[in-house]
Trainee: 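Here it is, the structure, as C-alpha cells.
Every chain is numbered from 1 and lettered A, B, ... according to where its sequence line falls, protein lines coming before strand lines. Values below: every heavy atom of this structure, side chains too, minus hydrogens, waters and symmetry copies.
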2 protein chains.
Amino acid sequence: MKKENNITIHDIAKALNTSGSTVSRALNDNSRISEKTKKAVREMAKKLGYQPNALASNLRTNCTKTIGVIIPRISRYFFSSAITGIEEYAREKGYNVIICQSNDQEEREADCVQTLFASRVDGVISSIALKTNNYDHYKTFTNRNIPLVFFDRVCDELETNKVVVDDFKGGFLAAEHLISKGCKRIAHISGPQHLNLYINRLQGYLKAMRKHNIQINEDQIIESPLSREDGMACAKRLLESSNPPDAIFAANDTTALSIILYAKEKGIRIPEDLAVVGFSNEPFSEFLSPSLTTVEQSGFDVGVKATELLLNIINNKIGNTQETIVLPVNLIERESSNK
Amino acid sequence: MKKENNITIHDIAKALNTSGSTVSRALNDNSRISEKTKKAVREMAKKLGYQPNALASNLRTNCTKTIGVIIPRISRYFFSSAITGIEEYAREKGYNVIICQSNDQEEREADCVQTLFASRVDGVISSIALKTNNYDHYKTFTNRNIPLVFFDRVCDELETNKVVVDDFKGGFLAAEHLISKGCKRIAHISGPQHLNLYINRLQGYLKAMRKHNIQINEDQIIESPLSREDGMACAKRLLESSNPPDAIFAANDTTALSIILYAKEKGIRIPEDLAVVGFSNEPFSEFLSPSLTTVEQSGFDVGVKATELLLNIINNKIGNTQETIVLPVNLIERESSNK
DNA sequence: CTGAAAGCGCTAACAA
DNA sequence: TTGTTAGCGCTTTCAG
C-alpha cells in the first residue's frame, strides 16, 4: 500500500503565487491576513483537496492538542462511560484523545506512559492499574511538567490533581441504609487496600456502624480482589460461618452479584434472610433478580470533570495545584435490601 | 505549563562524541552499527532519560504505526469488546490505536475521518454510524490508498474489506429454535434496513420460517430503531394486537429486555405465553429474569480479525482485495424460550 | 562502520 | 499585509 503524494501548503502557495507562510496564516485565520487572501486560500485548499498534516504542525509547535488516557480496561462500564465524558469534553475544546489500556498490569501501564509520551500528548488522565505498586513511571510526565490528572483510582504518593467520587459517603450511605432496614450483623467485602477508594468505602461503612452503635465484627470485614470468583469464595466464607451476617455491603456490584447467585443456590432468601448492597450501579444491576440496591457513580461526570481540570491546567487557567475534586454519589434502593 | 526541554538524539551524540545519524541507527538497531556503539548509545540514552519523539520520526518516515478506529459509541459492550480486541492485536504488532466516536451521527463521523487523517494514521477500522447515509467522507482514505476495514455495520456502497458476524445464520438459528419449541406465531422486531446486519438477521429468520412452513405474517415483522423506548412501543403494538404472537425474535437484546419488562407488567408469562430471543448477548442478558436466550457474537474476535486484516494490507502481505470475513455466532439457550 | 547534509510539512521571528 | 528564512527531531541517502 503506497500512500499518494499529499497536497501541502506549498502546493497551495504555488497555485496562488504566494508564499507558504501566507497560506499557513490564512488557514489558521491569522488576523494579519486580508479577508480576500484568506478566502482565496481556503478555496484553493478545498479545490486541491488539501488536508493539514498534524504531525508537522505538532512537531513545530510542540503542542499536539491531544490528551492521553490510561485506564485499566475499556470494557468495564464505568471506564467506558468515563471515556465518553472525556472525549465529549475534549472534542468540544478541540482536543483529541488517545486511549491506552493497562489491563490492570503495572508493566502495561508503564508501556502506556511511554507510548503517550512518545506521542507528545499535552496532558494525561489516568486511573491506576490494580497491580501497580510502584509509580515511578509517572515521573516521565511529572518531571517534564506534563499535566497529569488521576481519576477514580488515585494514589497519594504522587502529588497531582485528582477527581474521585465520594466513596466515603457511598460506604456510609450503604451501611446506614442496611441499618435502617433493621440489619444487625452487617458484613463488608472490601477491595485492595492500597487503593484509596476501597479504603474510603470501608471507612464510610465503619463510620455508619459506629454512629448507630452496631457491633463491628472483624471476621465480617474481608478484603478481596473483587472478581466474580472471589465474590463466590467470600459469599461462601461469610454465609457458612457459624454466625452468618444478615446483610452484606459489597465494594462492587460484581461481588454483590456473586452473593446473590450463591444465596439463590443455597436457598437463602434475599432480602428476607440476607440484604445485599453493591457499589457502582453496573448496567446489569437493575435487572438482577432481586434487583440490586447499589451506590451510583457517574463515570461520565468523572470523565468530564477530569478533562475540564486537565485542560484548565494545560491552558494555564489554573496553576498546577494539587486539587482533589469529589463528585457526589447516591444510593439507589432496589429489591435486594427492601425488607 | 511550560514543557521542559527534551533530550534529543543530538544530545546523546554530543555526549558520546559521535553523530546524530549513528545514534539514530543504534537506537533502531541498524545492522551497520557495531554492538559496542549500540551499547554505549543505549546506556547514554537511558542515563540522559532520552525519550524518542514519535512526531519527528513519523513526519520523516510518513508512517505513524498508528491505526484509527471509528465507532458509534464506546459505551456499548460490543464495541468496547471490539476495541479491546483491536488494541490487543495492534499493540502486539507494535501499533498504536486512536479511537473516535461518531455518536451515531453522520457529521461527527465525518469529523472523525478528518481527525484521523490529520493524524496520518496508517489505516482505519470503522463501524458505520446509524445516521450515516452518505459515505463520501470515507473517500478521504480510499482516494489516498489508506487501507480501510469495516466491521459489524458495513455498507455495500464502499468497496473495502469487511469483517462481520454471521447475522444471517444468527437470525436463522433464533427462529428455528423458537420453531423447535413449538411456537407458531413468531414475530420479528428488526433494525434499520439500510444496515446489512439487520437485513441479514431478518433474512435468516425468513429462511427458517419458510423451511419449516410457518406462516409469515407481515404485520408481525416490524422495523425499529431498537432503543429501549422503541422496544416498549413495539412490545405494546405486537402484544395488544388481536392476534398476538407466541414468540418474538428481537434484533437486539435491548429490545428483548423491553419486551420482557412489558410482559411482566402486563402479566404475560415468559416463556409459557410468550417466548423471547434476543441478539448480542449483552452483559445483562444472562441475569434477566427470566434469563434471555440470545445469539452470541464476539466483539473481541471481530476486533482482532479486523485488525489482522488491516495490518496485513498495510504491510502488503495481501493486496487491497475486497474481502469479507464472516465470523461464527452461536445460540445461547436460556429461560426466556425454554418452554 | 560512521558522518555530513538534506528534508519531511509546518510555524514564527524578522524583515520588508 | 506579505515574504524570507530557519528550524522542530528525526531518518536516510551518499560519501568516506
Side-chain angles (χ1 to χ4, degrees), chain A residues 2-42 44-45 48-66 114 117-122 144, chain B residues 2-42 44-45 48-66 114 117-122 144:
Chain A
K2 240 224 212 98
K3 293 187 199 165
E4 301 284 294
N5 284 341
N6 285 313
I7 310 293
T8 75
I9 49 170
H10 295 109
D11 297 318
I12 301 177
K14 208 170 288 169
L16 255 49
N17 241 313
T18 176
S19 74
S21 19
T22 300
V23 174
S24 170
R25 285 193 270 251
L27 291 172
N28 289 317
D29 210 23
N30 186 306
S31 60
R32 300 189 327 192
I33 299 290
S34 71
E35 270 312 319
K36 210 178 76 186
T37 313
K38 279 185 192 171
K39 205 176 142 197
V41 167
R42 279 196 278 257
M44 183 56 75
L48 297 179
Y50 168 78
Q51 302 276 157
N53 185 328
L55 296 176
S57 163
N58 295 340
L59 177 61
R60 185 62 233 253
T61 57
N62 200 27
C63 149
T64 56
K65 285 273 190 180
T66 298
Q114 290 313 306
F117 182 75
S119 300
R120 293 298 188 272
V121 292
D122 292 342
R144 277 165 246 249
Chain B
K2 239 224 212 99
K3 295 186 198 166
E4 299 287 292
N5 285 341
N6 285 313
I7 309 293
T8 75
I9 50 171
H10 296 107
D11 298 317
I12 301 177
K14 208 169 289 169
L16 255 51
N17 239 313
T18 175
S19 74
S21 12
T22 299
V23 174
S24 170
R25 284 193 269 253
L27 291 172
N28 290 318
D29 209 23
N30 186 307
S31 59
R32 301 190 325 196
I33 300 288
S34 71
E35 270 311 320
K36 210 179 75 185
T37 313
K38 280 185 192 171
K39 205 177 144 196
V41 168
R42 280 196 277 257
M44 184 55 75
L48 297 179
Y50 169 77
Q51 303 277 155
N53 184 328
L55 295 177
S57 163
N58 296 340
L59 177 60
R60 186 58 233 253
T61 58
N62 199 28
C63 149
T64 54
K65 285 272 191 181
T66 298
Q114 291 313 305
F117 182 76
S119 301
R120 292 300 188 270
V121 292
D122 292 342
R144 276 163 247 248

Trainee: Using a heavy-atom cut-off of 4.0 Å across all strands, would you classify Asn28(A) as base, sugar-phosphate, or nothing?
Mentor: sugar-phosphate
Trainee: Identify, between Ser31(B) and His10(A), the residue whose nearest nucleotide on DNA chain C lies closer to the 5' end.
Mentor: Ser31(B)
Trainee: Any base atoms under 4.0 Å from Ile33(A), or only sugar-phosphate, or nothing? Heavy atoms, all strands.
Mentor: sugar-phosphate
Trainee: Does dG9(D) have OP1 or OP2 under 4.0 Å away from a side-chain N or O of Thr8(B)?
Mentor: no
Trainee: For DNA chain C, note the earliest and the latest nucleotide, 5' to 3', having some atom under 4.0 Å of a heavy atom belonging to chain B.
Mentor: dC1(C) to dG9(C)
Trainee: Strictly below 4.0 Å: does Ser24(B) bring a side-chain N or O up to OP1 or OP2 of dT11(D)?
Mentor: yes
Trainee: State, yes or no, whether a side-chain contact exists between Tyr50(B) and Val23(B) at a heavy-atom distance under 4.5 Å.
Mentor: no
Trainee: Under 4.0 Å from OP1 or OP2 of dG9(D): is there any side-chain N or O of Ser57(B) that close?
Mentor: no
Trainee: Could you work out which one of dG9(D), dT11(D), dT2(D) sits closest to the side chain of Leu59(B)?
Mentor: dG9(D)
Trainee: Is there side-chain contact between Phe117(B) and Asn6(A), with at least one heavy-atom pair below 4.5 Å?
Mentor: yes
Trainee: If the cut-off is 4.0 Å, is Ser21(A) near the phosphate of dT4(D), judged by side-chain N/O to OP1 or OP2?
Mentor: no
Trainee: Does the side chain of Arg120(B) come within less than 4.5 Å of Asn58(B)'s, by heavy atoms?
Mentor: no
Trainee: Ion pair present between Asp122(A) and Lys65(A), side-chain N to carboxylate O less than 4.0 angstrom?
Mentor: no
